[in-house]
Protein chains: 2
Amino acid sequence: MLPEFRCDCPFTSALDILGDKWMLVIIKQMLIEGKETFKDFTESEEAIATNILSTKLKLLEELGIIVKTKRPNNKKTNLYLLTDTGLALTPILVELATWSDKYLRDIHPGIVNGEEMQLLRNDKAAFASRLEKKYREKLAAN
Amino acid sequence: MLPEFRCDCPFTSALDILGDKWMLVIIKQMLIEGKETFKDFTESEEAIATNILSTKLKLLEELGIIVKTKRPNNKKTNLYLLTDTGLALTPILVELATWSDKYLRDIHPGIVNGEEMQLLRNDKAAFASRLEKKYREKLAAN
DNA sequence: ATAATTACTTGCATTTTGCAAGTTATAATG
DNA sequence: CATTATAACTTGCAAAATGCAAGTAATTAT
């Protein structure tokens, strides 16, 4: 079921949809970690419970952020893929990671700090469009 | 009390802090609506409950996202102000509003659509730096 | 034919959020 | 200067979201 909107503020309205512990994490797993099946998500580092995953995937689909499909030769495995609306969340994720990188290391030193983070620091916009491009190529390959 | 981090992912870590219904709404109210006292927040359109407000303000302070102060001549009224760490959340808010503007109007037609939104569409980066500048000027005026 | 895999659902415990009322300290008012 | 109002909370309890563990149904692999 679609959530209610608290008011007409564009900032708050985005958070009425995305402002919880899981929605953007699921999007991240799809965009960055290439996860696409129910099982993929359950095996993630963040360890989402299956009942919550199920609820959130339904909501994301209802909102048009993802679509649920199957491969023609497999009746068992569902594929969850980002739509344009979902891919348009990339800049939000990039800004979240940028903020983490700059301000969260003090209280959480373990945050990953490899080559990908260098690319992010170096050019946020390029990082975002590279992610989107890669995802679209993957979609085209299906 | 500081929240726990689910893992070392920079995206997920940001959401461990900001991924709820209220944290970024409070930041938005400070940055965009100029709210700075406990009462200001309780009078907001989003109608946050006082117990939750109290909890979140404490957490934001503990995280160094805001500071709590007073004006020299008023012992009663507390002022909550954004730090640099808090101001650095501006790009996230801007991206959230941009996404709302483009993709949420279908299911929530009431989203405000005035002159400010035109400015946002026209130049996101300029919109963000204008917000930050305005806030810093206000801080300097105190 | 049997076992394993995938995608869930269900029941219950815990945590977070929300509402309404109460409390304390300071400030304004007559 | 006594009374009232205001600001900033806290407390108790209800409701909703999240989390855990176990179970189920429909494929697919062996």
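So that the names make sense, note that chain A is the first sequence line, chain B the second, and so on, each numbered from 1.
- Which of D/dT18, D/dG19, C/dC8 sits closest to the side chain of A/K56 comes down to D/dT18.
- Side-chain to base pairing of A/T55 with D/dT18: no donor and acceptor N or O lie closer than 3.5 Å to each other.
- Where A/L79 and A/N51 each meet DNA chain C at their nearest nucleotide, the meeting point lying more 5' is that of A/L79.
- Among the nucleotides C/dT17, C/dG18, D/dA8, the one closest to any side-chain atom of B/K21 is C/dG18.
- Atom-to-atom, CD1 of B/I52 to P of D/dG12 comes out at 17 Å; the value is rounded to the nearest Å.
- Under the 4.0 Å criterion applied to side-chain N and carboxylate O atoms, A/E62 and A/K58 are not assigned as salt-bridge partners.
- Between A/Y80 atom OH and C/dT6 atom P the separation is 14 Å, expressed in whole Å.
- A pairwise comparison of heavy atoms in B/A14 and A/W99 identifies CB-CE3, 4.4 Å as the closest pair.
- The residue A/K70 sits apart from the nucleic acid: no heavy atom pair falls under 4.0 Å.
- In terms of modelled atom types and a separation under 3.5 Å, the side chain of A/D20 and the main chain of A/M23 share a donor-acceptor contact.
- Put simply, A/K68 has no side-chain N or O that comes within less than 4.0 Å of OP1 or OP2 on C/dA7.
- Nucleic acid contact for B/T42: none, since no nucleic acid atom lies under 4.0 Å from a heavy atom of the residue.
- Sequence order on DNA chain D of the closest nucleotides to A/D20 and B/L57 puts B/L57 first from the 5' end.
- A distance of 13.0 Å separates CD of B/E115 from CG of B/L120, quoted to the nearest 0.5 Å.
- Between D/dT10 and B/K58, a contact under 4.0 Å exists linking OP1 or OP2 to a side-chain N or O.
- Checked by atom type and distance alone, the side chain of B/D16 pairs as donor or acceptor with a backbone atom of B/R6 at under 3.5 Å.
- Closest contact between the side chain of B/F38 and the listed nucleotides D/dA8, D/dG12, C/dT9 involves D/dA8.
- Here the C1' atom of nucleotide D/dA8 and the CD atom of B/E61 are 14 Å apart, to the nearest Å.
- Taking atom CG of residue B/D16 and atom P of nucleotide C/dT16, one finds them 12 Å apart after rounding to whole Å.
- In this structure, B/R71 atom CZ and C/dA27 atom P are separated by 13 Å, rounded to whole Å.
- The side chain of B/W22 places no N or O atom within less than 4.0 Å of a non-bridging phosphate oxygen (OP1 or OP2) of C/dT16.
- Each of B/N51, B/I66, B/V25, B/I26 was scored for a side-chain contact (heavy atoms from CB on, under 4.5 Å) with B/K56, with one residue passing: B/I26.
- Note: CD1 (B/I48) to P (C/dT16) measures 15 Å, nearest angstrom.
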Quick test: give all pairs of protein nitrogen or oxygen and nucleotides 26-28 of chain D nitrogen or oxygen below 3.5 Å, distance rounded to 0.1 Å.
from, atom 1, to, atom 2, distance (Å)
D/dT27, O2, A/K76, NZ, 3.4
D/dT28, OP1, A/N74, OD1, 3.2
D/dT28, OP1, A/K75, N, 2.4
D/dT28, OP1, A/K76, N, 3.3

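- Computed from coordinates, the B/I17 CD1 to C/dT16 P distance equals 13 Å when rounded to whole Å.
- Ion pairing between B/K124 and B/E95 holds under the 4.0 Å rule for side-chain N and carboxylate O.
- Heavy-atom distances to DNA chain D give each of B/S54 and B/K39 a nearest nucleotide, and the one nearer the 5′ end belongs to B/K39.
- In this structure, B/E36 pairs ionically with B/R71, as a charged nitrogen and a carboxylate oxygen lie closer than 4.0 Å.
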